[in-house]
Structure formats: C-alpha cells, structure tokens
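Written out below as structure tokens is the structure these notes cover.
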Amino acid sequence: MDSIKMNRRKLLKLLGAGGALAAAGPLASPAFAARTAGRVVGVGGGFGGATAAKYLKRLQPGLDVTLVEPAREFYTCPFSNLYLGGMRQMEQIVHGYDTLKNRYGIKVVHQYAEDVDGEAHTVRLANGETLPYDKLVLSPGIDIDFEGLEGYDEAAAEKLPHAWKAGDQTRLLRSQLEAMDDGGTFILSAPDNPFRCPPGPYERVSQIAHYFSQHKPRSKILLLDAKDAFSKQGLFMDGWREVYGDMIEWVGLSDDGRVVRVDADSRELESEFGEIHRGDVVNVVPPQKAGAIAHRAGVTNGSGWVPVKPHTFESQQVDDIYVVGDATIAAPMPKSGFCANAQARVTAAAIVAELNGQDPLDPVWTNTCYSVIAPEYGISVAGVYRVIDGEIREVEGSGGVSPRDADAAFRRREAEYAVQWYNAIVQDTWETRGLQKTLT
Amino acid sequence: MSRTRSLVTTSWSRRDFLRISGAGAVTLGMMMVSPSLLARSRPWARHDAIMELLDGAEPDTSGVTLELPSVSEDGSNISLTVRVDSAQENGEYVKSIHLFAPDNPNPEIAVFHLTPLSGQAQIATRIRLNESQRVFAVAKLSDGSFRIGSQDARVTVSGCLTDDATYDSSGLMQARVRTPRSLRPGEVGEVLTIINHPMETGFREDADGNTIPRRIIHSFVAELDGETVLRADFHPSLAANPYLRFHVKPNGSGGTLALEWTDDEGETTREEAELSVS
C-alpha cells in the first residue's frame, strides 16, 4: 500500500491539484503500481520531452522509457535573449541528460528520429534502428517555415539569423551585434501568430537595447511587426521608454510593419506596401510550423501544427501518439517552455492512467512568462487553463500581467523571480541547475 | 504555480458515457436525428441577415472558398480571403460578395460589388470576430444565382497576449496603396490598400462608462478612368484600419486608378495611381 500511496501523492502534486482529486480514485487500484509493462518512446529532449520522460518514470518506475534527442546538450530558448544582452553566458543555458539517465533509468538515445509508423507503432532513427512503442510522445518544438517568407531560406538564415532555436544561431546573432559599429541599426522582423514564445521578440529587442546602451549607445533598433498587438505590449513599451528612451521603434501591421520579402545579401527587408528597410544587423523571426517528425508522423493538419485531444494531448489524427509543447494547437495556452513542461506532466499522467486501464484526469495547466527588460526590470504574464466545454480555456479571473504602475522595487523583484523561475523549471525538466541567483 | 486552484472531481468523459450506455453508436445516432437535420445541411438558414439576402433563392454550396485561420489568438484582427470560382468578364461575372459573422453583434462584415473590370472574384481583408463561430460568404452572380461558402473560426485570446487596445488617432484617414508597376494586356493586377481608422463599433465604452459613438469607414470605391472596378460597403465587423486586397483588369492601355474612402463623419481620402499596360 505504501507505494500506491506514494504514487498517488506524487501524481497529485505534479498536477498541482491538491486534495480534491483524491476522490477521483482511479489510482487506488493495486494494479497501478504492480504493472510494469509498457514501452514509451519520447522524441525531443526539450522542456516537453524531457519532462514527459521523467514524470513517466516517476509515476511508474517499471515503464520502459526511451528519449530520442540528437543533441547531447540542450540550449534553452528561455534566457537565450539574456545571452544576447550580455547578462548570461551560453554555458548557463545548456542542460544535459545525465540525471535523467542515471537517476531515473531513462534510456537516452542521441539520434535523429526520421520517421514514425503509426500503424506499426515504431520510430525509425537516422542510424537505421527502429524503436517499437506502445505510446509515443512527440515534443519536436518548432521548425522554421522556410517556404513562409520570400527570400528567407536556410542559406539566408546564415546571414540574417533567426536565433529562434537556441545554440549556434544565437551565437551568430551575438557575434554580428558585437561586430556592428556604434550608430548602426538593428532590425528585428516579428511574425504573425502563432509562433514560439509570444513575448520573445519584445524581450529580445529589450536585451539588445541593454547591450547597445552599454557598448554602442548611438545605435538604433527597429522592430517591424506583422501584428498590431503583442504580448505585454503596454508593459514593454513603458519599459522601453523608461530604460532606453527612444532607442527602440516599433512599427505594427497597420503602419506597414509586415515584412513580405527579405534580401539576405543586402540585408534589406521589404514591407507589404513596398517600403525597403536596410539594417546593419538583421534578425528575422520567421513564420514557423511544428517540428519535422510531427509532419512525418501524420499528426499535423493544414495549419502546419498539431491538433490534440484537450484532456490528454493525444493526437486527434493518430492513436497512441501524444504531442506536447510548441508543436501543438493548444491556444489559448501560448507556445512556451513552461506550457510544454505543464502539458508533459499532464500527458505523462494520462499515459500511465491509460496503460493501467484508467480514465485520464481532469487537468489543470499553468503558465508564467517572465520577460527581462533590463537587469533590474522584469515583467510577467501568468494564466491557468482547464478543459471547459471540450476545449482548452483560460480560467476566468486567473493569472494576469504585472501592474502598469508598479515601482522600481517591484520590477526588480520580478527580474529576480525570473531567475528563480528559470532555475526551478530547468531543475524540474532536466534536474540540472541554473548557475546564478541574480542577473547582475 | 501558486495560483493553481483545486480541481473538482473528474467530469464525465464521452468515453464514460459510451461505455455506460453500452450502445454508443446507436445512442449518438439517435441524438443526431433531430428536427435540425434540415438546418444542419443548410447552416445559414437560421441567420436572418443571410436569408434576407437570398430572398427565397437556394444557393449553390460549391464554388466559394473562405480562408481564415482555424484558431485565432486575436479576435480583433483576423485575416480572411474569399474566392469565387467564376469567370469575371462581360456577360458572366460575380456581382457581389457578402461576408457575414452571424454571432457578432453586427452580423454583416462587408459587401463587395464587383465588375468585369475586377478581373477576378477574390478579396482579402481583415475582420473582427467577437467569439468562435462559422463565417459565411455569399456570392451573387450576374445571372441572379447565389453561391455560399463557410468556414469555422475559433477565437481565443492567448495567455501571452493582453487586450491592450490603444488607438493612435494621429494620421486618421491616412491610406497606403500598392499597385502593380505595369501590366501586360489582359493581365489581372493586384491592388493592396490599408487606411488608418479605428472603425469604432458603437458598442464600446470609454473609461467613464460612456458609449463611444460609432464611427466607421462605411464605403470604399475604386474606379479606373471613372469606371467602377470595385465598390465596397464596410460594417463594424471589419477590423480597424481597413485592409483590402483586390484585383483589377484594365482594358486597353490602362489609366488612372482612383481610390476613395468615406467615413461616418463624411471625411474622405482619395488616392490615385497610374496603371500602365504594355
């Protein structure tokens, strides 16, 4: 009985559900702890995939869990903007898989997953190996849609980096910023919804403004946007004015901010109505779609993203394939690392329940997105989500954004919370450490 | 995380329901055979504005394509493209395209009156949706017949998007236009326009709780040397800063394309562009 109780307690804790779920009862079956059968393969070692693998093993240690991820180490997009701003080193946003392997007994396979056969329940790896599964968790994140913006292909991305997957692209953008002369112009082109990390482009220009203000104070930042409204807009614009004066100019959709063509060699961006903007450093955040393996597995729809069943995040199109994170259509939940982590925990619980012949629980997900405008200036948005009338909805009255009229101490505390948030989520996902307590 | 509330107990899933009923398919089947069967096959039938337009005519349900995102994270500005598969020339053309958002406070979105000079019955614009719903497009053809198409659109405000609608009134009625540099004889050119305007619906309240009066651009006309290419009536369900992408097929050697917008206060903006055909 002890082990049963522990499992139940863990599950409840991970769902953040408190005591009310105890009445649901499906975990009271002795079979829950006793069953060991079940092979689960996870593809993608980011916030979604690593979290799912870990919680599957926590909930049912007897499960055979394999995590497929080509990279030996994972660079997080969260805090990669802080690297661009000079507030973090790349070594502080990289995470490995040792604890997941050694402590949880997850098999981590550093291979690229090439294809999925949903009928046969197999994943084919680049080395030719085939992994059979009972349940598959895909957490492939995003791919850049290189068909989505004229002139922006893989070669162009080597000149005008997107840096929307952390790692080499982020380093490339930073080196271009370092090479730029004082007085130069940095341009960021932001895409229409949906895209990974809705506040990301706006935090990024904040961080680059921080770098400029310290090293290249005569430089300018132009943000061309395919939208008329963006995440935490009022808070960002207040912060830009307060901290960086008029360094950052934002041009929205209705002011012809949408970029429709890029010329990588001349570093020129053409707007919808034909205006040409030339930058000294140009960062194109391009249109995006679900990662390649989701398309191979047949779980994407015409939108390029993955429709999922709200309670479990099982694919609506292929049985026994669960998809979490940025690749999914989970709106109003944003495409954030935090959501991927939250979805993965719910999905791990749903898979364990299903393997034990139980119904999935009624889930709750939370999200918090911190954005760091300057070392002592943080802002946030938070939300709580549930399945209501068969679709994911934000719980009315939950969450919210930082107040517009907060004082400097409040902004400083939120910047500190951002660091604590980062340390906590990487601990939960990879059981690795964030390296510093503060940003300065 | 601390804001998470306690859960209520598991709700009845559909699977539970099917399992308990033990005869899922039959039960579901019976639920679907209802008096609304007819309405399901003619989903526009319960919308007065559409029925009024049809005036007893039975529309063809093929040949009208509506494109809009299946999920939108900002209901105040949703891209929409409507296309009617039809010739667009003297004798046989699409006379008008009517867009409806039946669950908006104001179901009419816009009406586009086309001519053979339009060259192609395709319009792109941006609309407002108050909530998730099915959007309809009705086309009236030159022979008096109707076609209808529809598309479901889900609206959800993303957790990372705040509703921070601020409108900058500087530059009101300022337009941007993009026209083709030159066209070959018989070629259909694309015209792109946007005009700065809040399209105030008349449903909003200011900070003191007073209703902000309606003020929208209600009409748009495009003429080529005085002949109508496109005439449009806009309603409050069109998004702020009306955006329009339409087509023109000049006769002969082209001419002057004149575009004119008029709003509720009687303010107008006129833009002209030369279209050369060679």
Side-chain angles (χ1 to χ4, degrees), chain A residues 15-21 23-24 26 192-194 197-199 227-235 253-256 272-274 301-303 305 307 311 329 331-334 336 339 359-364 366-369 381-387 391-395 398-399 401, chain B residues 1-16 19 67 69-79 126 132 154-168 170-171 174-181 192-199 239-243 245:
Chain A
L15 284 172
L21 260 180
D192 197 359
N193 296 317
C197 190
K227 301 177 293 302
D228 269 334
F230 61 85
S231 174
K232 294 180 265 188
Q233 183 166 356
L235 290 166
L253 175 72
S254 292
D255 289 319
D256 197 21
E272 195 172 17
F273 286 88
N301 68 13
S303 72
W305 304 100
H311 278 98
I329 301 170
M333 288 164 101
S336 71
C339 279
D359 283 338
L361 302 168
D362 193 11
V364 174
T366 56
N367 179 62
T368 307
C369 293
V381 57
V384 179
Y385 305 90
R386 296 196 52 182
V387 181
E391 56 182 40
I392 299 169
R393 298 223 189 123
E394 183 162 4
V395 175
S398 74
V401 297
Chain B
M1 293 297 283
S2 60
R3 300 178 211 218
T4 312
R5 306 249 172 80
S6 292
L7 283 171
V8 293
T9 47
T10 325
S11 58
W12 247 32
S13 70
R14 198 174 129 245
R15 202 183 339 161
D16 288 332
R19 188 190 297 150
E67 283 172 19
S70 52
V71 182
S72 297
E73 296 182 22
D74 179 4
S76 71
N77 193 326
I78 298 175
S79 300
R126 295 173 187 150
S132 302
R154 204 179 142 219
V155 177
T156 165
V157 176
S158 162
C160 275
L161 283 172
T162 58
D163 193 12
D164 212 332
T166 48
Y167 190 78
D168 177 8
S170 67
Q174 248 174 43
R176 281 194 175 84
V177 177
R178 188 169 190 171
T179 52
R181 285 198 191 87
L192 207 58
T193 69
I194 190 167
I195 184 162
N196 210 6
H197 201 283
M199 296 294 279
N241 307 312
Y243 171 96
R245 190 187 277 257

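Bear in mind that the values here come from a model prediction, so they are computed numbers and not experimental data. Proteins come first, then strands; the chains are lettered A, B, ... in the order of their sequence lines, and each starts at number 1.
Rounded to the nearest 0.5 angstrom, A:Asp192 CG and B:Ser72 OG are separated by 9.0 Å. Here the CZ-CG distance, from B:Arg176 to A:Asp255, works out to 5.5 Å after rounding to the nearest 0.5 Å. Summarising the geometry, atom OG belonging to A:Ser254 is positioned 4.0 Å from atom CD1 belonging to B:Ile194; distances are rounded to the nearest 0.5 Å.
Salt bridge present: B:Arg245 and A:Glu272 bring a charged side-chain N and a carboxylate O closer than 4.0 Å. Checked for salt-bridge contact, B:Arg154 and A:Glu391 meet the test: a charged N lies under 4.0 Å from a carboxylate O.
At least one side-chain heavy atom of A:Phe273 sits under 4.5 Å from a side-chain heavy atom of B:Leu192. Looking at A:Pro194 and B:Glu73, their side chains come closer than 4.5 Å, going by heavy atoms from C-beta outward.
Comparing A:Ile392, A:Ile329, A:Val387, A:Asp256 by heavy-atom pairs within less than 4.5 Å of chain B, the highest count is held by A:Asp256.
Only the side chain of A:Asp228 comes within less than 4.5 Å of a heavy atom of chain B; its backbone N, CA, C and O stay farther away.
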Trace of the side-chain contact (heavy atoms from CB on, under 4.5 Å) decision for B:Thr156 with A:Arg393: CA-CA 8 Å; B:Thr156 165; A:Arg393 298 223 189 123; over 6 Å; no

